[in-house]
Amino acid sequence: MSDQTSGRAWLQVIGIGEDGMDGLSPAARRLVEDAEVIIGGDRHHDLIFNNLAQRISWPSPFDAMIETIRGQKGKRVAVLVTGDPLWYSVGARLLKAIDASEIVFHPQLSAFQLAACRMGWSIPDVETLTVHGRAAEQIVPFFAPGSRLLILTKDATSPGTIAALLAERGYGASTMTALAAMGGPDEAIMHGSAEHPPKGVPDFHTLAIECIAGPDAVIHPRTGLPDDAFAHDGKMTKRTARALALAKLAPHRGALLWDVGAGCGSIGIEWMRAAPEARAIGIEPKAERRAMAAQNALTLGTPKLELVDGEAPAALEALDPPDAVFVGGGVSRQTIGACMVALKPLGRLVAHAVTLESEAVLQAAYGQFSGELQRISVETASPVGPFEGWKPAMPVTQWSWVKKP
């Protein structure tokens, strides 16, 4: 957060609630009263008074506002946002375009805090999510028996959209509470369930959900999903090998994975489920497999999975540098070499081989660059006539390597 005493700070970003000017601190209130330019949504402008300031409303798309805000430098500028400017709000976007030393943030109670108080929920025990400007499917990984979710919504259609996602996965009995205009004179609370979503919900509201699992509820781990969770054509990285690969790839917040030979998308999808805001790009030349991967991404809650039509190494040239790479198809010296060059320092590469030819490529890479070479063999109990026996899967050779700084 910027230092309020900094001589460079010229942009005041002020959180405001439904109680308007009355809810502001004396310092924030004075900044609004003295501002020459006030920027915010229509509802924000309705909550404050300053008849002398120039009023500017957010455009759509929001990116068009950045240059407008920069153009106000030298004036007393107040940007109004709802609640906490740095909790799923415009603050993070502003910090990407304007140096932090030029901004002072004045947070107000967030919608999450108000909703938690209304519901009697402890925030550390709740998932705080948003579907505002994002695909609703991205909240799916958080569905689990007993989970409590607080969700910033898109508009009045959000309860129905989210209810359908819950019901499709066996959570139809989950309670849904829409909380609107919290802290203002028009505050309203509407109750319902995933089977019967709350009615009469206004566009601007927060949704509180307590997940209640029915007998057919889908309960998935974040990673190590069962193979039948994916639509696939039989050629995929199976569960055990996939879990071991993810352990070596080490997903973390905001990191980018290249999934080379993505197939049905299983590695990229689990990478994104494993860490907040993790990104994945799947490179897959077959259209039918890209279609399966796209559908799996929606079903399993990673709608931001990017899919590229092409073959490595040529298809890798225009991509952002990765933090990790998985090569599960099209293993070749050229592809391995291109991935090693593209990786960021401390980036991880994991490659799998099931044929003698691709295994030879990984053995050569291990001999030249070291790393770790393992063979993964899995046997599963299966019927053998009236008895049970061990059925082996094809062994997988795994080479993993970390790029030194």
Side-chain angles (χ1 to χ4, degrees), residues 1 86 92-101 222-224 237 241-263 265-284 293 297 302 304-308 310-353 358-376 396-405:
M1 183 178 292
L86 291 171
R93 179 64 185 85
L94 290 173
L95 285 169
K96 292 179 180 179
I98 301 172
D99 192 272
S101 65
R222 291 293 179 87
T223 61
T237 303
R242 192 183 332 125
L244 292 172
L246 265 292
K248 300 283 182 63
L249 291 167
H252 58 274
R253 178 182 286 274
L256 172 63
L257 170 79
W258 287 358
D259 184 2
V260 181
S266 61
I267 291 287
I269 288 169
E270 291 211 9
W271 166 274
M272 296 177 73
R273 286 172 60 96
E277 305 299 328
R279 299 169 52 211
I281 301 174
I283 298 90
E284 173 54 56
T302 59
K304 290 184 180 181
L305 174 68
E306 299 178 47
L307 295 166
V308 172
E311 293 191 20
L316 308 177
E317 295 177 0
L319 304 181
D320 292 338
D323 299 281
V325 177
F326 177 75
V327 183
V331 173
S332 69
R333 289 177 180 267
Q334 294 80 7
T335 295
I336 294 294
C339 292
M340 293 173 72
V341 169
L343 270 172
K344 295 177 184 177
L346 297 179
R348 285 85 56 210
L349 188 154
V350 175
H352 283 186
S358 56
E359 183 178 275
V361 173
L362 300 189
Q363 288 177 336
Y366 174 68
Q368 184 174 358
F369 303 106
S370 189
E372 186 175 13
L373 189 67
Q374 292 183 321
R375 174 170 280 189
I376 304 165
V396 175
T397 300
Q398 181 190 83
W399 178 60
S400 58
W401 176 81
V402 178
K403 186 172 185 176
K404 302 302 181 183

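The figures that follow rest on heavy atoms only: side chains count, while hydrogens, waters and symmetry mates do not. Computed from a prediction, not measured in an experiment: that's the story for all the values here.
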Residues forming a side-chain hydrogen bond (donor to acceptor under 3.5 Å, both in side chains) with Gln398, sequence neighbours excluded: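 Checked Gln398 against side-chain hydrogen bond (donor to acceptor under 3.5 Å, both in side chains); matches are Lys248, His352.
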Partner residues of Thr223 under the side-chain hydrogen bond (donor to acceptor under 3.5 Å, both in side chains) criterion, sequence neighbours left out: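 With neighbours one apart ignored, the set is empty.
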Between [X] and [Y], what is the shortest heavy-atom contact and its length?
X      : Y      : answer
Val325 : Leu249 : O-CD2, 3.4 Å
Ser400 : Val350 : CB-CG2, 4.0 Å
Ala353 : Leu362 : CB-CD1, 3.6 Å
Ala297 : Ile269 : N-CD1, 3.6 Å
Gly330 : Thr335 : O-OG1, 3.7 Å
Asp323 : Ala255 : OD2-CA, 3.4 Å

Can you tell me how far the [atom1] atom of [X] sits from the [atom2] atom of [Y], to the nearest 0.5 Å?
X      : Y      : atom1 : atom2 : answer
Leu244 : Ile376 : CG    : CD1   : 4.5 Å
Arg348 : Leu257 : CZ    : CG    : 9.0 Å
Trp271 : Arg222 : CH2   : CZ    : 15.5 Å
Ser266 : Phe326 : OG    : CZ    : 7.5 Å
Ile267 : Thr237 : CD1   : OG1   : 4.5 Å
Leu319 : Trp258 : CG    : CH2   : 5.0 Å

Side-chain donor/acceptor of Lys403 to backbone N/O of Lys344, under 3.5 Å: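 Not a single qualifying donor-acceptor pair exists.
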Arg93, CZ: over 12 other non-hydrogen atoms inside 6.0 angstrom: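 Enclosed.
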Answer whether the closest heavy-atom distance between the side chains of [X] and [Y] falls below 4.5 Å.
X      : Y      : value
Met340 : Leu349 : yes
Leu373 : Gln363 : yes
Leu246 : Pro251 : yes

Derivation of the side-chain contact (heavy atoms from CB on, under 4.5 Å) call for Met272 and Leu305: CA-CA 8 Å; Met272 296 177 73; Leu305 174 68; 3.9 Å; yes
